[in-house]
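Step one of this worksheet: look at the structure below.
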Protein chains: 2
Amino acid sequence: MALSSRAQAFSVEALVGRTSKRKRQDPRKEAPPELQEKEDGKEEERSGATGKKSEQPSETLEEKDAIQVELQGSELWKRFHAIGTEMIITKAGRRMFPSVRVKVKGLDPGKQYYVIMDVVPVDSKRYRYVYHSSQWMVAGNTDHSCITPRLYVHPDSPCSGEAWMRQIISFDRVKLTNNEMDDKDQIILQSMHKYKPRVHVMEQDSRASLSWIQSLPTEGVKTFSFEETEFTTVTAYQNQQITKLKIDRNPFAKGFRDPGRNK
Amino acid sequence: MALSSRAQAFSVEALVGRTSKRKRQDPRKEAPPELQEKEDGKEEERSGATGKKSEQPSETLEEKDAIQVELQGSELWKRFHAIGTEMIITKAGRRMFPSVRVKVKGLDPGKQYYVIMDVVPVDSKRYRYVYHSSQWMVAGNTDHSCITPRLYVHPDSPCSGEAWMRQIISFDRVKLTNNEMDDKDQIILQSMHKYKPRVHVMEQDSRASLSWIQSLPTEGVKTFSFEETEFTTVTAYQNQQITKLKIDRNPFAKGFRDPGRNK
DNA sequence: CCATTCCCACCTAGGTGCGAACAT
DNA sequence: ATGTTCGCACCTAGGTGGGAATGG
């Protein structure tokens, strides 16, 4: 289990700040525990958390592009990305680790917005993992073009720009599944494919009573994604370095951390 | 621990139905487990779950009073009420058991509504429990008039009438506290006083951007309450019959049920 | 051979009443 | 005497990866 040793890291907590006070009595979670991992505090590197605008540069006139979305926990994502992030998908649905968490800036404090996440294919390839070379190889083609990705509307939606900007927006409850018949509105993906999560910010539209959203409108939506959040879907981890890093960092996997494991 | 033995009951489950399918991917809970208790099925008594309109009969003209709110789990509430319901309040906040759960009818499916709960004093008396007579006695007076009760806005708010009517609306995450300095937006009550929960249905108001609500508007709100949900606040249970019924019915207290308790 | 599924021990997270200690 | 607080054991609820079993 040889493992690149530039595995020093920064104080994620310091970079992130905290939603120190609950917004209201809403009992939904925030600030997932992965942030609570202590690391050797080095220094504050506020680098690659730069969102790049969506592929379709729609409407460059009407709105000035003030909206910014910044990935939180980017350092951890990059640790995974450097190895080759894998996400398990199951029939019942599996959370992502790390989860997508962002900070948004440049909203109109008074307006209402939806914040939405989806996951889109990176390419049309199917992959397989070659153990002896510890590498992912192309193993075939897939046509994703006929399926529209499901949308995960952040449960706080709709919400004022002010409130969105005050908190860290966490998508830690999102679940990925390989069950195409899923009826729990989880995000459906194919195993052994590469994907990347996207975050959409959409002003509340009073025209349509879009109390439930099945697909994104073609305009008035700002879309962001982040290189380091790309991942390959699996039903069981392929790269043991990924397994190790997951166990190290995901509090729910603490039971698999080394010391006194019996059995 | 002598205890009245007319503790037979009805099939709560049959009366209630179920939200059999999740609304969407929203991971918030519904259908709390208290409903899953099996009981000797007797028969369906659909009696006292009648909401009575608010004290101020505002605007009898504009809207026809179609909105109805029906208490769910009324049988269990009545079991407690017959003994004298007690609710524990703590500094950290304590859930109610039973919790307030309602079904709403008569909304306009297309309109957006807030559904809100609060808890108001039943009288201005302080009470004490007299053990040897197993009774609550008046022990003094309190002036509640200077404090406005906190509102618990149901986390699904705002939401379409259609969606509200399709589900059972559960307030099981509401927490009661005796900490007047509470900063977690829990419901603040005084111990040893009698209270009753109320449910408010309010059409979304586009005038004010009431993204957050501190107090109810004086009109356009329908208010409902239910005799059997009245309770006395305590910091430790007074009546042992209440303790027993709580332990019997609240899944989280299962550890205190009789059989093989060691210690 | 490769990928998926299922059950499991082991965690996190948090809701119970108990009973001793504390406060008034 | 009466009311409150705190730590605790014991639950519910559900998120981990392991490893055996299953399936192409």
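Order of the sequence lines sets the chain letters (A, B, ...), proteins ahead of strands, with each chain counted from 1. Basis for what follows: all heavy atoms, side chains included, without hydrogens, waters or symmetry-related copies.
Checked against D:dG17, D:dT4, C:dG17, the side chain of A:Ala253 finds its nearest nucleotide in D:dG17. The side chain of A:Ile247 has D:dG18 as its nearest neighbour among D:dG18, C:dG17, C:dA3.
Distances shown here put every side-chain N or O of B:Asn250 at or beyond 4.0 Å from the OP1 or OP2 atom of D:dT12. The shortest distance between the side-chain N/O atoms of A:Thr235 and the OP1/OP2 oxygens of C:dT5 is not below 4.0 Å. One finds no side-chain N or O of B:Lys244 lying less than 4.0 angstrom from the OP1 or OP2 phosphate oxygen of C:dG17. At D:dG17, one or more side-chain N or O atoms of A:Arg94 fall inside 4.0 Å of OP1 or OP2 (strictly under the cut-off). Of the side-chain N and O atoms in B:Lys254, none sit less than 4.0 angstrom from OP1 or OP2 of C:dT16. Regarding contacts with the backbone of D:dT5, every side-chain N or O of B:Thr90 stays at 4.0 angstrom or more from both OP1 and OP2.
If you check the side chains of B:Asn179 and B:Thr177, you find no donor sitting under 3.5 Å from an acceptor.
A donor and an acceptor atom never sit less than 3.5 Å apart when one is taken from the side chain of B:Arg95 and the other from the base of C:dG14. In this model, no side-chain donor or acceptor of A:Arg173 finds a partner on the base of D:dG15 within 3.5 Å.
Using a 4.5 Å heavy-atom cutoff, the side chains of B:Thr232 and B:Gln238 are not in contact.
Aromatic pair B:Tyr129/B:Tyr127: centroids not less than 6.0 angstrom apart.
Distance, B:Asn178 CG to C:dT24 C1': 15 Å, rounded to whole Å. Atom pair A:Gln240:CD and D:dG18:C1' shows a separation of 12 Å (rounding to whole Å applied). Remark: C1' of C:dC2 and NE2 of A:His132 are 15 Å apart, rounded to the nearest angstrom. The nearest whole Å value for the distance from the CZ atom in A:Arg257 to the C1' atom in D:dG18 is 16 Å. Atom CZ in B:Phe256 sits about 8 Å away from atom C1' in D:dC11, given to the nearest Å. Regarding A:Ile242, its CD1 atom lies at a distance of 12 Å from the P atom of D:dG18, rounded to whole Å. In this structure, A:Met192 atom CE and D:dG24 atom C1' are separated by 14 Å, rounded to whole Å. Here the P atom of nucleotide D:dC11 and the CG atom of B:Asp248 are 15 Å apart, to the nearest Å.
Between A:Gln238 and A:Lys91, the residue whose closest nucleotide on DNA chain C is further toward the 5' end is A:Gln238. Both A:Lys175 and A:Thr243 sit near DNA chain D, but only A:Lys175 has its closest nucleotide nearer the 5' end.
For the ring-ring contact (aromatic ring centres under 6.0 Å, His included) test, no residue two or more places apart in sequence or in another chain qualifies with B:His81.
Residue A:Arg128 is in sugar-phosphate contact alone, with no base atom involved, counting any heavy-atom pair closer than 4.0 Å across all strands shown.
Classification of the B:Tyr152-B:His154 ring pair by plane angle, with boundaries at 30° and 60°, yields perpendicular.
B:Trp77 approaches B:Glu228 most closely through the heavy-atom pair CE3-O, 3.4 Å.
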